[in-house]
There are 2 protein chains.
Amino acid sequence: MFQALADPTRRGLVDRLTRGPATVSELAAPLPITLAAVVQHLQVLEACGLVRTEKVGRVRSCQVDPAGLRAAEQWLHERRTAWERWLDRLAEVLDEEGTT
Amino acid sequence: MFQALADPTRRGLVDRLTRGPATVSELAAPLPITLAAVVQHLQVLEACGLVRTEKVGRVRSCQVDPAGLRAAEQWLHERRTAWERWLDRLAEVLDEEGTT
DNA sequence: CTCATCGTTAAGCACACACTTGAGTATTCA
DNA sequence: TGAATACTCAAGTGTGTGCTTAACGATGAG
């Protein structure tokens, strides 16, 4: 999941898709890479639940899956708040020692 | 930054550090890899602002930098909410069409 | 001073990853 | 039906990444 977001091209694709759904060709058009490469990136994004795609006729339309983003967001949030709680506890202990 | 979080070992290090600061040796102890490898991971984490370290004597102590985690968290949050706003606008338009 | 401890650095290796090319499939349109 | 469109798939290539080993530097203990 973070593996998927590690690549700047894939983050760009996610970014583009948050501004509305798009087809594979539309996603590939502004990029300096092959359409095949874009398809591979989309496979990675879909495999880890960041993007959902659906094929209608010969066109595949793609959109963001907010659940995926939320999962990554939550991981970071948990770690960050856990550490901030640790700092708070530390402050408490220091206060006690100061007043003792 | 997401690049740094892409590696499971590095996510493990962050996870460990959220439970309190630790030295390089302490971080390396439970891991099946060399101390040198851990040092390299820490360099990556520090370079992108996820971890802060300080050398006291011959011991280096490491702790999480919450600002780094918050930055990544925010990127995801912005993308997710942007997409959810898009969905809301879509719902509005559909409602209007339905009532027209 | 000597020696163990804790970390640092460099070199090298194996594998993974992003990308391309080229050929192929399925769908739409004239 | 024939041609164009919109992907899809497989194979190959070059670069990056994670890891190890090995040699080294710096600090603290006896």
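Order of the sequence lines sets the chain letters (A, B, ...), proteins ahead of strands, with each chain counted from 1.
Rounded to whole Å, the distance from CD on A/E26 to C1' on D/dC7 is 13 Å. Distance B/K55 NZ to C/dT8 P: 4 Å, rounded to the nearest Å. Going from atom CG of B/D7 over to atom P of C/dC17 covers 11 Å, rounded to whole Å. Rounded to an integer number of Å, the gap from CG of A/L27 to P of D/dA6 is 13 Å. In this structure, CG of B/L35 is placed 13 Å from P of D/dC19, rounded to the nearest angstrom. The separation between B/R60 atom CZ and D/dT27 atom P is 12 Å, rounded to whole Å. Distance CG (B/L45) to C1' (D/dG18): 13 Å, rounded to an integer number of Å. To the nearest angstrom, P of C/dT9 lies 6 Å from CD of B/Q43.
Among the atoms of the strands shown, only primed sugar atoms or phosphate atoms (P, OP1, OP2) are found under 4.0 Å from some heavy atom of B/I33. Residue B/T34 is in base contact, counting any heavy-atom pair closer than 4.0 Å across all strands shown.
Residue side chain B/Q3 does not reach the base of D/dT17 through any donor-acceptor N/O pair under 3.5 Å, judged by distance alone.
Between B/F2 and B/W75, the ring planes are perpendicular. Angles over 60° get that label, and only those under 30° would be called parallel.
Considering only side-chain N and O atoms, A/T9 lies under 4.0 angstrom from the phosphate OP1 or OP2 of C/dC19. A/H41 has a side-chain polar atom (N or O) that falls below the 4.0 Å cut-off from OP1 or OP2 of C/dC19. A close approach under 4.0 Å does not occur between any side-chain nitrogen or oxygen of A/T23 and OP1 or OP2 of D/dA6.
Ion pairing between A/R70 and B/E84 holds under the 4.0 Å rule for side-chain N and carboxylate O. A salt bridge links B/R80 with A/E73: the closest approach of a Lys/Arg side-chain nitrogen to an acidic carboxylate oxygen falls below 4.0 angstrom.
Ranking C/dT8, D/dG18, D/dT20 by closeness to the B/R10 side chain, first place goes to D/dG18. Listed candidates were D/dC7, D/dA10, D/dT5. Nearest to the side chain of A/Q40 is D/dA10. Out of D/dC19, D/dT5, C/dT20, the shortest distance to the side chain of A/A36 is found at C/dT20.
A continuous path of hydrophobic side-chain contacts links A/W83 to B/M1 [ILVMFWY only; heavy atoms under 4.5 Å].
At a cut-off of 3.5 Å, with distance as the only test, a side-chain donor of A/T53 or A/R60 sits close to an acceptor on the other residue.
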